[in-house]
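Scope of the values below: all heavy atoms of this structure, side chains included, with no hydrogens, waters or symmetry mates.
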Amino acid sequence: MAVEPLSQKDVEDRLQELPGWTTDGDTISRTYSFEGHFPAAAMVIHIAQIQEELGHHSDLTLGYNTVRLSVNTHSVGGKVTGLDVELARRVEAIAVGHGGR
């Protein structure tokens with residue numbers, strides 16, 4: 001199945017279901033905050049596992065108590081696709097369990 005870029009409206013509509021996620025038109029992103037460094041670092045490992053399962057990877061930045069993701073699909077010219085939204089959904093599903101807010 002070919003991956004196609006989403007329209008800006010489609011991206012915005014899909015992000016309605018993902019609180020905290022934003023778009024700049026070419027990426028979707030979110031920053032999670034944690035109670036300390038260890039829970040943030042643990043979250044990075046779990047995100048990496050999801051990315052490997054999907055075969056789709058984000059830019060991922062670990063701070064002292066934050067994790068920031070920014071993602072788009074390079075193979076379609078750096079645009080947002082359904083694959084990016086699926087990655088965001090999967091990350092969002094585990095974030096609360098790690099104390100992310």
Side-chain angles (χ1 to χ4, degrees):
M1 176 169 76
V3 176
E4 298 292 328
L6 298 173
S7 71
Q8 185 64 28
K9 182 176 180 345
D10 284 342
V11 172
E12 291 169 2
D13 288 348
R14 292 180 188 208
L15 292 186
Q16 294 287 324
E17 301 169 10
L18 296 166
W21 284 84
T22 61
T23 183
D24 65 6
D26 291 327
T27 63
I28 59 173
S29 61
R30 170 139 193 221
T31 299
Y32 293 95
S33 297
F34 297 87
E35 291 296 319
H37 186 67
F38 188 78
M43 180 71 173
V44 168
I45 297 301
H46 288 273
I47 292 169
Q49 181 178 4
I50 290 168
Q51 292 178 143
E52 286 297 306
E53 289 169 6
L54 291 175
H56 190 62
H57 301 83
S58 68
D59 289 333
L60 186 58
T61 304
L62 172 64
Y64 165 69
N65 66 341
T66 60
V67 173
R68 177 169 172 72
L69 289 90
S70 180
V71 64
N72 63 18
T73 302
H74 300 286
S75 64
V76 296
K79 301 296 182 188
V80 178
T81 68
L83 193 53
D84 303 308
V85 176
E86 178 61 21
L87 175 59
R89 280 192 186 117
R90 300 254 326 253
V91 169
E92 193 66 25
I94 66 163
V96 173
H98 286 280
R101 52 188 192 286

*Asks:* Could you state the interatomic distance from CG (Leu6) to CG (Asp13), rounded to the nearest 0.5 Å?
*Replies:*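 Leu6 CG to Asp13 CG: 10.0 Å, rounded to 0.5 Å.
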*Asks:* Find out if a path of hydrophobic residues (ILVMFWY) with successive side-chain heavy-atom gaps under 4.5 Å connects Val71 to Leu60.
*Replies:*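 Yes, Val71 connects to Leu60 through the hydrophobic network.
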*Asks:* Report the relative orientation of the aromatic rings in His37 and Tyr64; use parallel for angles under 30°, tilted for 30 to 60°, perpendicular for over 60°.
*Replies:*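 Judged by the thresholds at 30° and 60°, the geometry between His37 and Tyr64 is parallel.
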*Asks:* Tell me, do Asp84 and Lys79 make a side-chain contact under 4.5 Å, heavy atoms counted?
*Replies:*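 Counting from C-beta outward, Asp84 and Lys79 never come under 4.5 Å.
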*Asks:* Mind checking the CG-CD1 spacing from Leu69 to Ile47? Nearest 0.5 Å is all I need.
*Replies:*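 Rounded to the nearest 0.5 Å, the CG-CD1 separation comes to 4.5 Å.
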*Asks:* Assess, by modelled atom type and distance only, whether the side chains of Gln16 and Glu12 contain a donor and an acceptor separated by less than 3.5 Å.
*Replies:*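 No pair is found: no donor N or O on one side chain lies under 3.5 Å from an acceptor on the other.
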*Asks:* Show the nearest heavy-atom pair for residues Leu18 and Ala88, with the distance to one decimal.
*Replies:*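 Closest pair (atom of Leu18, atom of Ala88, distance): CD1-CB, 3.8 Å.
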*Asks:* How about Glu35: does its CD atom have over 12 heavy atoms from other parts shown lying under 6.0 Å from it?
*Replies:*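 Atom CD in Glu35 is not packed in, count stays at 12 or less.
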*Asks:* Tell me the closest heavy-atom pair linking Val3 and Val76, and the distance in Å.
*Replies:*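 Nearest heavy atoms, Val3 then Val76: O-CG1, 3.2 Å.
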*Asks:* To the closest 0.5 Å, what do you measure between NE2 (His74) and OG1 (Thr81)?
*Replies:*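 Going from the NE2 atom of His74 to the OG1 atom of Thr81 covers 10.5 Å.
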*Asks:* Roughly how far apart are Asn65 CG and Met43 CE, rounded to 0.5 Å?
*Replies:*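 If I round to the nearest 0.5 Å, the distance is 13.5 Å.
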*Asks:* Give, for atom CZ of Arg101 and atom CZ of Phe34, the distance between the pair rounded to the nearest 0.5 Å.
*Replies:*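 It comes to 9.0 Å.
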*Asks:* Tell me whether Val11 is reachable from Leu83 by hopping between hydrophobic residues (I, L, V, M, F, W, Y) whose side-chain heavy atoms are closer than 4.5 Å.
*Replies:*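 Looking at the clustering, Val11 is in a separate group from Leu83.
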*Asks:* Under the side-chain contact (heavy atoms from CB on, under 4.5 Å) rule, collect the residues that match up with Arg90, sequence neighbours excluded.
*Replies:*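 side-chain contact (heavy atoms from CB on, under 4.5 Å) list for Arg90, sorted by chain: Ile50, Glu53, Leu54, Glu86.
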*Asks:* Ser70 and Ser58: which non-hydrogen atoms are nearest, and at how many Å?
*Replies:*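 Minimum heavy-atom separation between Ser70 and Ser58: O-CB, 3.5 Å.
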*Asks:* With rounding to the nearest 0.5 angstrom, report the CZ to CZ distance, Arg30 to Arg68.
*Replies:*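 The CZ atom of Arg68 is 11.0 Å from CZ of Arg30, to the nearest 0.5 Å.
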*Asks:* Inspect the contact between Asp10 and Arg14 and indicate whether a charged nitrogen and a carboxylate oxygen are less than 4.0 angstrom apart.
*Replies:*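 So Arg14 does not pair with Asp10 through a salt bridge.
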*Asks:* Under a 3.5 Å cutoff, is there a donor and acceptor pairing between the side chains of Asn72 and Thr27?
*Replies:*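 Distance-only check fails for Asn72 and Thr27.
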*Asks:* Side-chain contact test, heavy atoms from C-beta onward, threshold under 4.5 Å: evaluate it for Arg89 versus Val85 and give yes or no.
*Replies:*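 They are in side-chain contact.
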